[in-house]
Engineer: 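For reference, the structure I am asking about is given below.
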Amino acid sequence: MPFINTIFNNNETQTSSAVEDEVIETIPTPSAKKEPSNTTSNTTSNVVLLNSAAKSLQSSTADGLSAIEQLKSTMESIAAAAEESSGAAEESLGATNQIKVNSSNILKMSMNSAKNIQKLEESIAKASQKITESSENMLRIAKSAEHVSDVGERLSVAGEEISQTVNLITKLAKRTSLLALNAAIEATRAEEKGKSFSVMAKEIRALSSKSNSYAQEIKTVVQDIQNNVKNVQTSIVDTKTLVEDASTNASNNASSMKELVKKLMEIVESVSQSLEEFKELDDEIVKMQLSAETIASAAEESAGAVSEVTQTISMQATAFNQSDSAAKMLESLAKKVEEDSSDEGVVNDLASAAEELSSAIEEIENSMAQSMIALEQIQEAGEIAQDDAQKSAEISKKANEITKKVSKTVDEVNEAIHTIQENFKENVATITQAGVDSKKNLAESEEIHKEAKQIKKSIKYLKKILRKIELTIVQTAALSINGSVEAMRVGELGEGFSVVSNDIRNLAENSEQSLDQINDIVDNLEDETESIIEAIDKMQLIGVKEAEALITLAGDMDENTQEIALNVATFKEIDHKLSEIESALEQTQIASEQTITAANLALSNAQESKVAAEHITNMSQTMANNVSELIEVAALLKDE
């Protein structure tokens, strides 16, 4: 009790006034043995004590109320910071939830897209293999076409040879006709004996005319065959060119498809890498969610603590106001004591005031103890919010880096898929055109087949004519032999006819030799024509299969085009969701900065609040000391 000790300590002096010095010197300490003293002097000392206690209490309550106003102000700041932190946490939580949803969707879309791309890769690889096979089959068709072209050249040459040989037979027929005319002349010269010669000469002329007619017919047939061969050669050259071009295009197409497969494999690898990065991002988002929830919880706890402190502030203000009123009442009681120290009512009022002050101070001390606990909670919540906000900011930064990296990968995938889409469309167009060309080749090969069939038919007809010529030659030779026999029978008159008969027989033999050559050529021509037909049949067989295969392949590839388009759309959607994630991460970054600012403000105000609370606690302790002194003074007055 410093105030009482100051008053009653005989070893210390007061310098405020001469009266106080005198009072202090004459009033014994409360612990000294009570001895009779001057009543007036004691009363004066008690009045001084009461006035001093009242002033000290008024000063303490004023300081206390000022500290409470400061505490109230800091609580408002802390409440605002808590509200801001709570809002930032809610915004951050909303953003992280959005990121979580988008991240989850991106993971699903990426996984599905990876599976689809793998299937697409397998499908395109198969298509590439089929195209390679088609290219090889087209080369086989081209080789067959080349064979037909080569055979056509030989057929053309054979036709020329037949024409030349037929020309020879025609010449021989004309010479035979002239010889037959000579034979007729010789028959006339032989008169009655030459009648048989005349008949033979007439028959030989008729046979010669037939041979000449047959020869002309052969020429016509050969010309038709050559025209057919020319048509075959023209068509087959066009077919060969088309097929070779188609084979080259198919080969290039297959190479392009292999490159597409390679790019698709790279895309699958990139997507797989993105999936791993997304999983890492997903883990970071979970951490951000936990941080946001922790910050929200800390903000809620801080708001609760602020509410509790605010309530105690009201109680403290009431207690301090009560103390101030009691202090003012002490001044009034001091005057009454000065007037009449024996008034028991005044002494009782003084005791009641002391009790009221004691109760108020006890309320202040109790409420301040609660406030200090709440302030510790606020400080702890601020530190938690600050720590988690910093962690969230770091995670957000890391997540943003991951997102940008993934976004770059997705951009590369998008570009690659777009390129694949464009190239694949060209490949589909090429294969579709190859199918159209195959059908066109089939139509042309059918025309070639008809031409070849016509050649075969013409050769059969040619062989019939050749057999007729052969018959005329045989008959002419037989007549020449008969003529020679008849000439020998006639004797001298038949010598001329004998010579003519020999010449005719020689011409017949020459014609027969030429005819044999023609037959050999025609037989070879027939075989070559058959090989053309077989080659064309083979071309058609392969062509039909290839046309069907290419049309089916074009349909399959068109479906692949749709799959590629779906993947393009998927990765565009992924890119859009990544942009949303980046925006959400920016929001979380801003929210983290707001939370850190709010936490720093809360911590600063919490520290100031603690200083104010400690000051109030000290004030209450001082006031408690003053009250103790008042109680002692009241006891002294009562003893008087």
Engineer: Where is the tightest heavy-atom contact between Ile99 and Ala584, given as atom of each residue plus distance?
Structural biologist: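 Nearest pair, atom of Ile99 first, then Ala584: CG1-CB, 3.3 Å.
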
Engineer: Is Ile564 close to Ile420 at the side-chain level, that is, under 4.5 Å between some pair of heavy atoms?
Structural biologist: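 A side-chain contact exists here, since the closest heavy-atom pair is under 4.5 Å.
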
Engineer: So, Glu244 and Lys240, do they make that salt bridge, N to O below 4.0 Å?
Structural biologist: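 Yes, Glu244 and Lys240 are salt-bridged.
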
Engineer: How many angstroms lie between OG in Ser255 and CD1 in Ile131, if you round to the nearest 0.5 Å?
Structural biologist: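 CD1 of Ile131 is found 10.0 Å from OG of Ser255.
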
Engineer: Side-chain contact test, heavy atoms from C-beta onward, threshold under 4.5 Å: evaluate it for Ile455 versus Val232 and give yes or no.
Structural biologist: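 Ile455 reaches Val232 side chain to side chain.
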
Engineer: Could you pull out the closest heavy-atom pair between Val222 and Gly159, with the gap in Å?
Structural biologist: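 So the minimum-distance heavy-atom pair works out to CG1-O, 3.4 Å.
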
Engineer: Is a salt bridge present between Lys262 and Glu266, judged by a nitrogen-to-oxygen distance below 4.0 Å?
Structural biologist: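 Not counted as a salt bridge, because no side-chain N and carboxylate O are separated by less than 4.0 Å.
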
Engineer: Please step through salt bridge (Lys or Arg N to Asp or Glu O under 4.0 Å) for the pair Lys398 and Glu394, ending with a clear verdict.
Structural biologist: CA-CA 6 Å; Lys398 183 179 179 181; Glu394 292 172 1; over 6 Å; no

Engineer: Out of curiosity, Asn105 CG to Glu573 CD, how far, rounded to the nearest 0.5 Å?
Structural biologist: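 Nearest 0.5 Å value for the CG-CD distance: 8.5 Å.
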
Engineer: Would you indicate whether the side-chain heavy atoms of Asp556 and Lys130 approach each other to under 4.5 Å?
Structural biologist: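 They are in contact (side-chain heavy atoms under 4.5 Å apart), so the answer is yes.
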
Engineer: Determine whether Gln433 and Asn249 make a side-chain contact, defined as any pair of heavy atoms from C-beta on separated by less than 4.5 Å.
Structural biologist: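 No, every pair of side-chain atoms sits at 4.5 Å or beyond.
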
Engineer: From the options Lys453, Gln454, Lys456, select the one residue that forms a side-chain contact (heavy atoms from CB on, under 4.5 Å) with Asn228.
Structural biologist: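 Of the listed options, the one satisfying the test is Gln454.
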
Engineer: Under 3.5 Å, is there a donor-acceptor pair between the Ser135 and Ser247 side chains?
Structural biologist: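 Their side chains do contain a donor-acceptor pair, which is all the 3.5 Å distance test asks for.
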
Engineer: Less than 4.5 Å apart, side chain to side chain, heavy atoms only: is that true for Met288 and Leu585?
Structural biologist: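 A side-chain contact under 4.5 Å exists here.
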
Engineer: With heavy-atom distances below 4.5 Å as the criterion, would you say the side chains of Thr476 and Leu479 are in contact?
Structural biologist: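 Answer no - side chains too far apart.
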
Engineer: Taking the side chain as every heavy atom from C-beta outward, state whether Lys397 and Glu401 have any atom pair closer than 4.5 Å.
Structural biologist: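 Yes - at least one pair of side-chain heavy atoms lies under 4.5 Å apart.
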
Engineer: Is any side-chain N of the basic residue among Lys119 and Glu563 closer than 4.0 Å to the acidic one's carboxylate O?
Structural biologist: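 The answer is no: the pair does not qualify as a salt bridge.
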
Engineer: Indicate whether any N or O donor in one side chain lies under 3.5 Å from an N or O acceptor in the other, for Ser458 and Asp224.
Structural biologist: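 Checked: Ser458/Asp224 side chains show no N/O donor-acceptor pair below 3.5 Å.
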
Engineer: How close do Ala393 and Ser592 get, heavy atom to heavy atom, and via which atoms?
Structural biologist: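 Smallest interatomic distance, heavy atoms only, reads N-OG, 3.6 Å.
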
Engineer: Where is the tightest heavy-atom contact between Leu442 and Gln540, given as atom of each residue plus distance?
Structural biologist: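 Leu442 and Gln540 have their closest heavy atoms at CD2-O, 3.6 Å.
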
Engineer: Any idea which heavy atoms bring Ile465 and Tyr214 closest together, and the distance?
Structural biologist: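 Residues Ile465 and Tyr214, closest heavy atoms: CG2-O, 3.6 Å.
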
Engineer: Is there side-chain contact between Glu444 and Leu242, with at least one heavy-atom pair below 4.5 Å?
Structural biologist: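 A side-chain contact under 4.5 Å exists here.
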
Engineer: Could you state the interatomic distance from NZ (Lys463) to CG (Asp523), rounded to the nearest 0.5 Å?
Structural biologist: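 Rounded to the nearest 0.5 Å, the NZ-CG separation comes to 4.5 Å.
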
Engineer: Which atom pair, heavy atoms only, marks the closest approach of Met138 to Val243?
Structural biologist: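 Smallest heavy-atom distance, with atoms named: O-CG1, 2.7 Å.
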
Engineer: Would you tell me whether Ser113 and Thr570 have side-chain atoms, one donor and one acceptor, within less than 3.5 Å of each other?
Structural biologist: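 No donor-acceptor contact under 3.5 Å links the two side chains.
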
Engineer: Classify the side-chain pair Gln589/Ser396 by whether it contains a donor and acceptor separated by less than 3.5 Å.
Structural biologist: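 Distance-only check passes for Gln589 and Ser396.
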
Engineer: Side chains of Asn400 and Glu582 only: does a donor on one sit below 3.5 Å from an acceptor on the other?
Structural biologist: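 There is no such pair between these side chains.
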
Engineer: Can you find a side-chain donor-acceptor pair between Glu580 and Asn102 that sits under 3.5 Å?
Structural biologist: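 Yes, a side-chain donor-acceptor pair sits under 3.5 Å.
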
Engineer: What distance separates Ser156 OG from Ile225 CD1, expressed to the nearest 0.5 Å?
Structural biologist: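 Going from OG on Ser156 over to CD1 on Ile225, the span is 11.5 Å.
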
